[in-house]
Each structure stands twice: as C-alpha cells, then as structure tokens.
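The structure displayed is predicted, hence computed values, not measured ones. Along the sequence shown, the residues carry numbers beginning at 1.
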Amino acid sequence: MTTAPHFTVADSAADPEAEIWFAEPAGFTAVPLDALLPAPDSPEADGLRDALGPFLRAAPDESVRRRFVETFGQGQRLLGALREEGTVHCSIGLHRDDVGGDAVRDAAPLLSFFTVSWRATAVAPRAVTAARAVSGPDAGTLVEYAELPCGPVTFSETVRVPADVEGVPRVALAQFRAHLPHPDCKRLVVLALSTAAVGHREQYRAVLRRIAALVSFEDPLRLRSATG
C-alpha cells in the first residue's frame, strides 16, 4: 500500500519576506541562526544568555565551563562566516546507517550538514546561470543538468580531504550541491549537503536531489489556497 507523504509546515513558511520554500527529509534539525547570532545588546542577546545560563551553572567546575564557552564561541564564528557568505538556513542531519545487514546494529550514526545560500550572479537566462555555476575548476564531478518544477538546476559533487593542519582530523568530506537560479535571473540559491560518510554518496546524492525537486520560488501554501 502506498501512503501519502507527510509534511510539517514550519512557521518560516508564512514569513512575508521569504523568497524560497523547500522541504527537508526526516532526521534534519534546523540550526536557529538568528537566535544564535543576535545583535549585541539586543533583547535576543539577553534571551540567549538566559538560555545558556543553566548549562553554565550545571558545569562541574570552571575548566569545563570555560571549554563550553570556547566551543560555543567557535560555533558562533562558524555560523557567522556562513551568514556572511549568504547562508540563510542550515540544519544538521542525523540518520541511522540502514545499508547492509548489520549496519543498524553496528554502525555509528551518520551525520551531515545542509545549507541554503544565496549568490549574486550576472544577469542571464536561468539555464545559462545554472550551467555557469558548474563550469569552473571547482565544479567537482558528476555534473548534471535537470529541469525541475522550480526551473533549471545543475548538480555537482566533490570529495575533499582537509590539509594537514594540527588539530584538524584528515577525514574525507563529500559535498553535494544543487544550483537553482532565481526567476529574476539576477541570483541563484545553492543547496549544499556535506557529510564525512563518503561511502554513502549515492544515498546523500538522492537526498539532495529530493530536496531540490521540492523547491519553490513561489509560496506553495498561497498557491494551493488560491486553486483549492
């Protein structure tokens, strides 16, 4: 028996300033960029300090408390850098490894990181912009062009190993990208899904393509109510 897909609509879907709508599969948890990067001396900053208070008070000693603050600060700097590059959404994926007979029992959970970022582009037809996005030296491999409900899209992927830097584990990282030009022909949105589970490239590739297939540059809730 085939069951209808189930969707949970986030509050952000009703944001009057929203410019893109998409759906994430189960297992992804959004990282609240605005809450974690409040403006200094703002009510939001006070709220963040209040939220962190119980964690700091629960620390067994000052050294643990200091490490927590340092780690949290590093996370904020990372998110701040993403925001400066045009990232408007990010989420962490946590899934069980269900590929293989003993995978669920023996394997560690699979982690991934998903981002949605805007990029300004030269004015051009959308298909041209999509092709340009994967034409440079860093385009990666398995480049593909597709026509989806939201318009032309190009997909690419890369596998990189970090440079040999002290304190940075040399773990291969697979990154999958979808480049979706906006209908105004002046910008595009980049969906990026990254994971160290390189052996599951096929599965993560399918996840990103499913997300891209559901992208809309028009409010799907408003369109549905108008035609319903």
J.: Less than 4.5 Å apart, any side-chain heavy atom of L56 and any of V69?
T.: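 Result yes, sub-4.5 Å side-chain heavy-atom pair found.
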J.: Keeping Q76 on the side-chain end and L36 on the backbone end, is there a donor-acceptor pair under 3.5 Å?
T.: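 Flag set: sc Q76 to bb L36 pair under 3.5 Å.
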J.: For D41, look at atom CG and say whether over 12 heavy atoms of other residues, nucleotides or ligands are found less than 6.0 Å away.
T.: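 For D41, atom CG is not crowded (no more than 12 foreign heavy atoms under 6.0 Å).
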J.: Checking side-chain contact (heavy atoms from CB on, under 4.5 Å) for the pair V190/W118: CA distance, chi angles, key distance, verdict?
T.: CA-CA 6 Å; V190 180; W118 287 101; over 6 Å; no
J.: Tell me whether W21 shares a hydrophobic cluster with V215, the cluster being built from Ile, Leu, Val, Met, Phe, Trp, Tyr side chains joined at under 4.5 Å.
T.: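 Per the 4.5 Å side-chain linkage, W21 and V215 are not co-clustered.
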J.: Ignoring hydrogens and geometry, is there a side-chain-to-backbone donor-acceptor pair from T154 to V134 under 3.5 Å?
T.: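 A pair under 3.5 Å: no.
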J.: Classify the ring geometry between F28 and F114 as parallel (under 30°), tilted (30 to 60°) or perpendicular (over 60°).
T.: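 Because their plane-to-plane angle is over 60°, the rings of F28 and F114 count as perpendicular.
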J.: Are any of the side-chain heavy atoms of L79 and L33 separated by less than 4.5 Å?
T.: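 Side-chain contact under 4.5 Å: yes.
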J.: Restricting to non-hydrogen atoms, name the atom on L180 and the atom on A212 that form the minimum distance, rounded to 0.1 Å.
T.: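 Shortest heavy-atom separation between L180 and A212 comes out as CD2-O, 4.3 Å.
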J.: Run L173 and V161 through side-chain contact (heavy atoms from CB on, under 4.5 Å) and show every step you take.
T.: CA-CA 6 Å; L173 183 72; V161 178; over 6 Å; no
J.: According to a 4.5 Å side-chain heavy-atom criterion applied to Ile, Leu, Val, Met, Phe, Trp and Tyr, with indirect links allowed, do V116 and L214 form part of one hydrophobic cluster?
T.: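 V116 does not cluster with L214.
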J.: So, E19 and R187, do they make that salt bridge, N to O below 4.0 Å?
T.: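 So E19 pairs with R187 through a salt bridge.
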J.: For F22 together with H89, are the ring centres under 6.0 Å from each other?
T.: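 Between F22 and H89, which both carry aromatic rings, the centre distance is below 6.0 Å.
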J.: In the structure I gave you, are the side-chain heavy atoms of L208 and L191 within less than 4.5 Å of one another anywhere?
T.: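 SC-SC contact between L208 and L191 confirmed.
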J.: When clusters are formed by joining ILVMFWY residues with side-chain heavy atoms under 4.5 Å apart, either directly or through shared neighbours, do F113 and L78 land in the same one?
T.: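 No, F113 does not connect to L78 through the hydrophobic network.
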J.: Taking E157 first and then R177, would you say they form a salt bridge - that is, a charged N and a carboxylate O separated by under 4.0 Å?
T.: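 Between R177 and E157 there is no salt bridge, as every charged N stays at least 4.0 Å from the carboxylate O atoms.
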J.: Under a 4.0 Å threshold between the charged nitrogen and the carboxylate oxygen, would D61 count as salt-bridged to R66?
T.: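 Between D61 and R66 there is no salt bridge, as every charged N stays at least 4.0 Å from the carboxylate O atoms.
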J.: Where is the tightest heavy-atom contact between A59 and V64, given as atom of each residue plus distance?
T.: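 That closest heavy-atom pairing would be CB-CG1, 4.1 Å.
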J.: Just by distance, with hydrogens left out, do Y145 and E147 show a side-chain donor and acceptor under 3.5 Å apart?
T.: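 Checked: Y145/E147 side chains pair up, N/O donor to acceptor below 3.5 Å.
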J.: Are any of the side-chain nitrogens in R65 or E62 under 4.0 Å away from the carboxylate oxygens of its partner?
T.: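 A salt bridge links R65 with E62.
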J.: Is there a side-chain contact (heavy atoms from CB on, under 4.5 Å) between V31 and I92 once you walk through the steps?
T.: CA-CA 7 Å; V31 177; I92 297 173; 4.0 Å; yes
J.: With side-chain contact (heavy atoms from CB on, under 4.5 Å) as the criterion, how do H200 and L110 come out once you've worked through the C-alpha distance, each side chain's angles and the decisive distance to 0.1 Å?
T.: CA-CA 9 Å; H200 293 271; L110 302 177; 4.0 Å; yes
J.: Are R209 and F155 in a cation-pi setup, meaning NZ or CZ lies under 6.0 angstrom from the ring centre and within 45 degrees of the ring axis?
T.: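 Yes, R209 and F155 form such a contact.
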J.: Looking at P181 and P152, what are the two nearest heavy atoms and their distance?
T.: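 Between these two residues, the closest heavy atoms are CD-O, 3.1 Å.
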J.: To check you understand the geometry: which heavy-atom pair defines the closest contact between V171 and A196, and what is its length?
T.: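 Minimum heavy-atom contact is CG1-CB, 3.9 Å.
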J.: What distance do T195 atom OG1 and Y204 atom OH have between them, rounded to the nearest 0.5 Å?
T.: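 Here the interatomic distance stands at 4.0 Å.
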J.: Report yes or no: do L148 and I211 belong to one cluster of Ile/Leu/Val/Met/Phe/Trp/Tyr joined by side chain heavy-atom distances under 4.5 Å?
T.: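 Yes, because L148 and I211 connect within a single hydrophobic cluster, where side-chain heavy atoms sit under 4.5 Å apart.
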J.: Would you call S216 and I20 a side-chain contact if the rule is heavy atoms closer than 4.5 Å?
T.: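 The answer is no; the side chains never approach within 4.5 Å.
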J.: Would you say the side chain of R126 lies within less than 4.5 Å of the side chain of D184, judging by non-hydrogen atoms?
T.: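 A side-chain contact is absent here, since even the closest heavy-atom pair is not under 4.5 Å.
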J.: Would you say the side-chain atoms of S194 and Q175 include a donor-acceptor pair closer than 3.5 Å?
T.: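 Yes, because at least one side-chain N or O of S194 sits under 3.5 Å from a partner of the opposite role on Q175.
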J.: Is it true that atom CD of E144 has more than 12 heavy atoms of other residues, nucleotides or ligands lying nearer than 6.0 Å?
T.: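 Atom CD in E144 is crowded, with more than 12 foreign heavy atoms closer than 6.0 Å.
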J.: Looking only at side-chain N and O atoms, does E24 offer a donor or acceptor that is under 3.5 Å from a partner on S91?
T.: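 Side chains of S91 and E24: pair found under 3.5 Å.
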J.: Measuring from atom OG of S112 to atom CZ of F176, what distance do you get when rounded to the nearest 0.5 angstrom?
T.: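 Between atom OG of S112 and atom CZ of F176 there are 10.0 Å.
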J.: Backbone N or O of K186 within a donor-acceptor pair of the T121 side chain at under 3.5 Å?
T.: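 The answer is yes, because a donor-acceptor pair under 3.5 Å joins these two groups.
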J.: Can you find a pair of side-chain heavy atoms, one from V153 and one from H179, that are under 4.5 Å apart?
T.: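 No, too far: nothing below the 4.5 Å cut-off.
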J.: Please report the closest heavy-atom contact between L94 and P109, naming both atoms and the distance.
T.: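 In this case the closest contact between L94 and P109 is CD1-CB, 3.4 Å.
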J.: Find out whether F72 and L52 are in side-chain contact, i.e. whether some heavy atom of one side chain is under 4.5 Å from a heavy atom of the other.
T.: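 Counting from C-beta outward, F72 and L52 do come under 4.5 Å.
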J.: Can you find a side-chain donor-acceptor pair between T87 and S117 that sits under 3.5 Å?
T.: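 Side-chain D/A pair, T87 to S117: present.
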J.: With a 3.5 Å distance limit and no angle check, can you tell me whether S42 reaches the backbone of P38 through a side-chain donor-acceptor pair?
T.: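 Answer holds: no.
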J.: If every non-hydrogen atom of T129 is compared with every non-hydrogen atom of A122, which pair is closest and at what distance?
T.: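 Shortest heavy-atom contact: OG1-O, 4.2 Å.
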